Amino acid sequence: MMEVIEEKKFDKINSPNSVGLVETKYYTFAYPPKKLVLDSGVEFGPITVSYETYGELNYKKDNGILVFHALSGDAHAAGYNKIDDPKPGWWDNMIGPQKPFDTNKYFVICANVLGGCKGTTGPSSINPETKKYYGLDFPEITINDMVKVQKELIDYLKIEKLFCVAGGSMGGMLALQWIKSYPEKAEAAIIIATTPEHSAQQIAFNSIGRYAIISDPNWNNGNYYCSGNKPTTGLSVARMIGHITYLSEEAMHKKFGREYINSLKKNFSNTNKLIIKPSEIEKPIENGLNQEKKANFKKEFEVENYLHYQSESFIKRFDPNSYLYITKAIDNFNISKGYNNLATALKNVKAKCLVISFSSDWLYPKEQSLKIVKALKINNIDTTYVNLLTPYGHDSFLIDDEKFKSVVKGFLQSIRRN
Amino acid sequence: MKKHKVISNWVKPYSKVLILGCGNGELLKFLQENNNVEAHGLDIDSEKVSEAISTGLSVIQGDINTDLIDYPDKSFDYIVAHDILQIMEKPDNVLKQIIRIADKSIISFPNFAYFLIRLSILFSGRMPKTKLLPYEWYDSPNIHLFTVKDFINFCSKQNFKIIDKFFTGLGRRKIPTYLLPNFFAEFAYFLISA
């Protein structure tokens, strides 16, 4: 039996469309005194970047595609780090042989962002000067700072000009920032389900998430790394709110409806046991019964179960302080800052652009993508845009969808090298 | 294919072209292959636009009625508005935008004064239905039908130059169509500029 399972695992990894087993690599730079100057003016270093690459960099070094992950993502975008990994990387449906980011043609790179918790320097890293965890000593960071760090990585990989940069959500902000900051460093960009500036509603959702974390007593002003008590309750509430905003009403309804856990039907004639009979009023309610009530308040519906499951897996892999720092960077994102308008801000952009929004995405609605499209059009930039009709909400870009894949594939085939 | 040929004959090779209402990009592909143009498109339909992008075309999903204002002056060598002007909310505004954005423009439309349409109204007393205008009166997208005369009149009022024209109608018998296009042309193509 075990052998069968093992074989299946190998099948998955050896599939002709998978990049197979991959290794996360690390690059460290900005050693003192040559620290990186952050947007805040703070000089920071050394910085380690964790990254993965798929496919081969060609002789001319002009087939590089840099993909940027979203808030909760990491450098592991495709394939498997270990044979027994249950799931592949976060964009495995997009990256691999014959897939839109075809690793037979392109050299795909993905790095964990600055401030992250999956190998790149962030608040959960150790400050080499104090030998302590950074915690809140970690400096304030911006989307532009994250881009600067990845530019160092691309320089280190000796890539003069990327073939394309691509990302969804926060990844889309990074892609947009890249083509603005480094107009000569990418032929094209794929900017998915994102915005040129975070809106009040988007900031509000992130702010509840942050509030949940800092209100958790275990957070302890960001010093929880040594106590062994992570502010997991706060982080899981943050994740649950986030997760609701990533899905559409339709997708949630289809997936869970009003179903109860274990298909336990809410039948009120069966809940008589919860109604206190007059004869029992004086007596304390049985402890077991109380427990059951508490459980019902916590998880009764399938959708609740799902949110709990999602948040429980999230708290195991994510650092609460990283969540605070990264959401702050996202909220502060406004690419037109310091310019009269968005069109002026994007004046120097040279990359051919594909902008994609999703009809069911209410967190990053199409109007925000259209602002980017409008500004690119005003600047006479070769622009392609589609609002794809998908039912999955903001998370649509992470879902294996044929139309989405063929749009990305078609766009990549149309890019000419200048 | 014939319509493609008429348009492609007017488009100079290696020029930059924007097709309004490009659908899944059939005409864009034709011009790309035959005239080596830098092809761009604008269309409102998500399904058709994603189909066009999937074949490697630069297409923007948008509304011609509202979205032309974003393009800078003279940002294209040609704009092609093939068989769409009569479905616009404000065809006059769209035409003015087209003239502003493109060096030259190709406008084509069904001529509502075509003699078979005239006869059809005269004898049946009902809204005409033809091969080119197959809709019922209540579900027609053609909300601003006009004639060859109307178009020429509008161009002269706006000081638009008519550089060339092409009519289809009575098969190969071209002479009556060109003598009296407003009567004999079923479909008209104009090459115009500011």
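To find a chain, count down the sequence lines: A is the first, B the second, and so on, and within it residues start at 1. Atoms considered below: every heavy atom in the structure, side chains included; atoms not considered: hydrogens, waters and symmetry mates. Being a predicted model, the structure only gives us computed values, none of them experimental.
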Visitor: How many angstroms lie between OG in S75(B) and CD1 in I378(A), if you round to the nearest 0.5 Å?
Guide: 11.0 Å

Visitor: Within a radius of less than 6.0 Å around CZ of R417(A), do more than 12 heavy atoms belonging to other residues, nucleotides or ligands occur?
Guide: yes

Visitor: What residues of residues 134-148 of chain B make heavy-atom contacts with chain A at a cutoff under 4.5 angstrom?
Guide: none

Visitor: For chain A, which residues from residues 89-109 of chain B lie under 4.5 Å away (heavy-atom distances)?
Guide: none

Visitor: Could you walk me through whether I60(B) and T384(A) pass side chain to side chain contact (heavy atoms under 4.5 Å, CB included), step by step?
Guide: CA-CA 5 Å; I60(B) 292 179; T384(A) 294; 5.6 Å; no

Visitor: Could you tell me whether K366(A) atom NZ has more than 12 heavy atoms of other residues or ligands within 6.0 Å of it?
Guide: no

Visitor: Within a 6.0 Å radius of atom NZ on K74(B), are there more than 12 heavy atoms belonging to other residues, nucleotides or ligands?
Guide: yes

Visitor: Taking atom NZ of K161(A) as the centre, report whether more than 12 heavy atoms of other residues, nucleotides or ligands fall under 6.0 Å from it.
Guide: yes

Visitor: Can you confirm whether more than 12 heavy atoms, excluding those of E33(B), are under 6.0 Å from its CD atom?
Guide: yes

Visitor: I would like to know whether K377(A) and D67(B) meet side chain to side chain contact (heavy atoms under 4.5 Å, CB included); could you show each step before the answer?
Guide: CA-CA 10 Å; K377(A) 269 161 81 183; D67(B) 295 357; 3.7 Å; yes

Visitor: Please find the pair of heavy atoms, one from K16(B) and one from N380(A), that lie closest to each other, and give the distance.
Guide: NZ-OD1, 3.0 Å

Visitor: Quick check on the structure: residues of residues 43-58 of chain B within a heavy-atom distance below 4.5 Å of chain A, by number.
Guide: S46(B), E47(B), V49(B), S50(B), I53(B), S54(B), G56(B), L57(B), S58(B)

Visitor: Counting heavy-atom pairs under 4.5 Å to chain B, which of Q413(A), K374(A), K352(A) comes out on top?
Guide: K374(A)

Visitor: Side chain, backbone, both or neither: which part of V407(A) has a non-hydrogen atom closer than 4.5 Å to chain B?
Guide: both

Visitor: Quick check against the 3.5 Å criterion: does Q61(B) have a side-chain atom that pairs as donor or acceptor with the backbone of N387(A)?
Guide: yes

Visitor: Picking from V355(A), D382(A), I415(A), which has the most non-hydrogen pairs under 4.5 angstrom with chain B?
Guide: D382(A)

Visitor: Applying side-chain hydrogen bond (donor to acceptor under 3.5 Å, both in side chains), can you list everything that pairs with D92(A), at least two apart in sequence or on another chain?
Guide: K99(A)

